[in-house]
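Below is one structure, written out as structure tokens, with a few remarks after it.
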Amino acid sequence: MIPSRLNLAAHLLDARIADGRGDRPAIRTGTRIFSYDEVARRSAQYASLLAADDVRPEERVIVALPDGVDFVAALFGILRRGSVVVMVNPDAPADLTRYFFEYTRATAAFVPADRIDRFAAEAEAVPSSPRLYAAEGRDFSARLDVQPTAFAPFDSHRDDAAIWLFSGGTTGRPKAVLQSHRSFVNTTMLYGHGVLGIAATDITIAVPKLFFGYATGANVFFPFSAGASCVLFPERCTADELFAQIARHRPTIQIPSNQLL
């Protein structure tokens with residue numbers, strides 16, 4: 001039974017800490033392993049930053065970041081704040097980036113520091129320009145690091161909007177599909193646990209990048225729901241890169257491209 005009050009940050013992240021798994025690996029990258037405790041604290045800092053800047057619950061916030069701990073921390077931080085996540089390809093063409101800004105009417109966006117000028121140019125071209133955060137940039141990191149590392153999850157209803165997922169745009173411009181907190185819990189329970197049988201000892205890796213909803217669910221939400229860990233890397237997922245990541249991390253579950261299913 002899914003409770004009526006439900007926030008994915010509490011359900012998928014804070015609950016693992018309450019289970020006593022805070023020190024377990026959550027995210028594996030090429031440079032280090034991040035524990036559940038570390039991801040939770042970083043997500044709280046993202047939520048605190050949004051609250052300090054008066055980004056409010058139910059407002060859309062874009063995540064246009066490469067795969068890594070900051071993508072996951074930003075995602076859970078937005079949910080923790082009660083805002084709605086919009087995931088965008090950080091390498092999308094300029095006109096498509098502008099379209100996402102205008103379509104979503106997002107009030108804020110986390111973008112790569114090394115591409116901030118390109119995002120700023122597109123943001124300025126829309127009627128309601130979002131606040132841009134140059135994630136991992138020096139000024140942003142200095143400000144993020146002093147934010148509180150605890151932030152109580154917003155008291156969301158299970159049917160509140162959690163994430164806007166965009167279609168591939170094969171029949172025109174991409175269109176957003178509203179996904180509730182409950183919908184991701186259902187998928188995790190029925191497929192992640194019911195079909196894959198994911199367990200705390202598993203390590204997942206995905207071919208598609210996290211801005212695809214398929215990868216977000218299968219390579220973050222599924223492992224986090226079980227206290228398992230995921231492999232994240234920012235590089236393009238070529239065959240050579242994927243095999244190198246597999247050799248390094250020895251994942252037990254590989255999530256293929258959804259086009260192969």
Side-chain angles (χ1 to χ4, degrees), residues 7-9 43-66 70-144 147 151 153-157 159-181 183-184 209-213 216:
N7 184 297
L8 283 173
S43 79
Q45 290 178 311
Y46 271 90
S48 298
L49 184 61
L50 292 173
D53 288 340
D54 198 31
V55 176
R56 302 175 185 181
E58 300 186 359
E59 293 182 344
R60 272 79 61 203
V61 179
I62 287 173
V63 179
L65 298 176
D70 277 282
F71 185 112
V72 178
L75 183 150
F76 280 120
I78 295 165
L79 295 171
R80 188 180 294 280
R81 172 60 177 148
S83 303
V84 181
V85 177
V86 180
M87 299 178 296
V88 171
N89 183 352
D91 297 315
D95 65 321
L96 190 56
T97 299
R98 189 184 322 126
Y99 167 77
F100 286 132
F101 284 156
E102 188 167 16
Y103 182 102
T104 64
R105 299 193 300 276
T107 56
F110 294 102
V111 304
D114 61 358
R115 279 163 268 184
I116 186 67
D117 290 343
R118 178 173 70 81
F119 280 95
E122 301 312 318
E124 290 170 2
V126 302
S128 180
S129 180
R131 175 190 293 269
L132 297 184
Y133 295 99
E136 298 189 55
R138 180 180 300 175
D139 292 342
F140 173 83
S141 296
R143 190 173 175 216
L144 184 70
Q147 298 301 316
F151 193 102
F154 183 77
D155 185 27
S156 305
H157 188 276
D159 293 328
D160 285 347
I163 297 176
W164 282 19
L165 292 180
F166 276 94
S167 67
T170 53
T171 58
R173 287 292 198 182
K175 300 172 183 65
V177 179
L178 187 154
Q179 298 287 330
S180 67
H181 292 263
S183 67
F184 290 104
K209 292 301 181 181
L210 289 181
F211 65 86
F212 285 111
T216 312

Suppose we screen for side chain to side chain donor-acceptor pair (under 3.5 Å). Which residues come up paired with Asp54, at least two apart in sequence or across chains?
Arg56

Not counting sequence neighbours, which residues clear ring pair (Phe, Tyr, Trp, His ring centres under 6.0 Å) with Phe119? List them please.
none

Run the ring pair (Phe, Tyr, Trp, His ring centres under 6.0 Å) test against Phe151 and tell me which residues pass, sequence neighbours left out.
none

Residues that Leu165 engages under side chain to side chain contact (heavy atoms under 4.5 Å, CB included), provided they are two or more places apart:
Met87, Ile163, Gln179, Phe184

For Ala106, which residues count as a side chain to side chain contact (heavy atoms under 4.5 Å, CB included) partner, sequence neighbours excluded?
Arg60, Ile62, Thr104

Can you list every salt bridge (Lys or Arg N to Asp or Glu O under 4.0 Å) pair that touches residues 98-114, not counting sequence neighbours?
Arg98-Glu122

Mind checking what makes side chain to side chain donor-acceptor pair (under 3.5 Å) contact with Thr216, not counting sequence neighbours?
none

Just wondering, do Leu79 and His181 contact through their side chains at under 4.5 Å, heavy atoms?
yes

My understanding is that only residues two or more places apart in sequence, or in another chain, count here; which of them pass side chain to side chain donor-acceptor pair (under 3.5 Å) with Ser83?
none

Expected output: side-chain Asn7 to main-chain Ser156 donor-acceptor under 3.5 Å:
no

Non-neighbouring partners of Gln45 that pass side chain to side chain contact (heavy atoms under 4.5 Å, CB included), sequence neighbours left out
Arg42, Leu144, Gln147, Thr149

With Arg118 via side chain to side chain contact (heavy atoms under 4.5 Å, CB included) - residues at least two apart:
Thr97, Arg115

Identify the residue among Trp164, Phe166, Phe211 that makes a ring-ring contact (aromatic ring centres under 6.0 Å, His included) with Phe100.
Phe166

For Tyr46, the ring pair (Phe, Tyr, Trp, His ring centres under 6.0 Å) test, sequence neighbours excluded, returns Phe110, Phe140

Report the C-alpha separation of Asp53 and Arg81 in whole Å, then their side-chain angles, then the decisive distance to 0.1 Å, and conclude whether the salt bridge (Lys or Arg N to Asp or Glu O under 4.0 Å) test is met.
CA-CA 12 Å; Asp53 288 340; Arg81 172 60 177 148; over 6 Å; no

I'd like to check the side chain to side chain donor-acceptor pair (under 3.5 Å) partners of Ser48; sequence neighbours left out, ordered by chain and number.
none

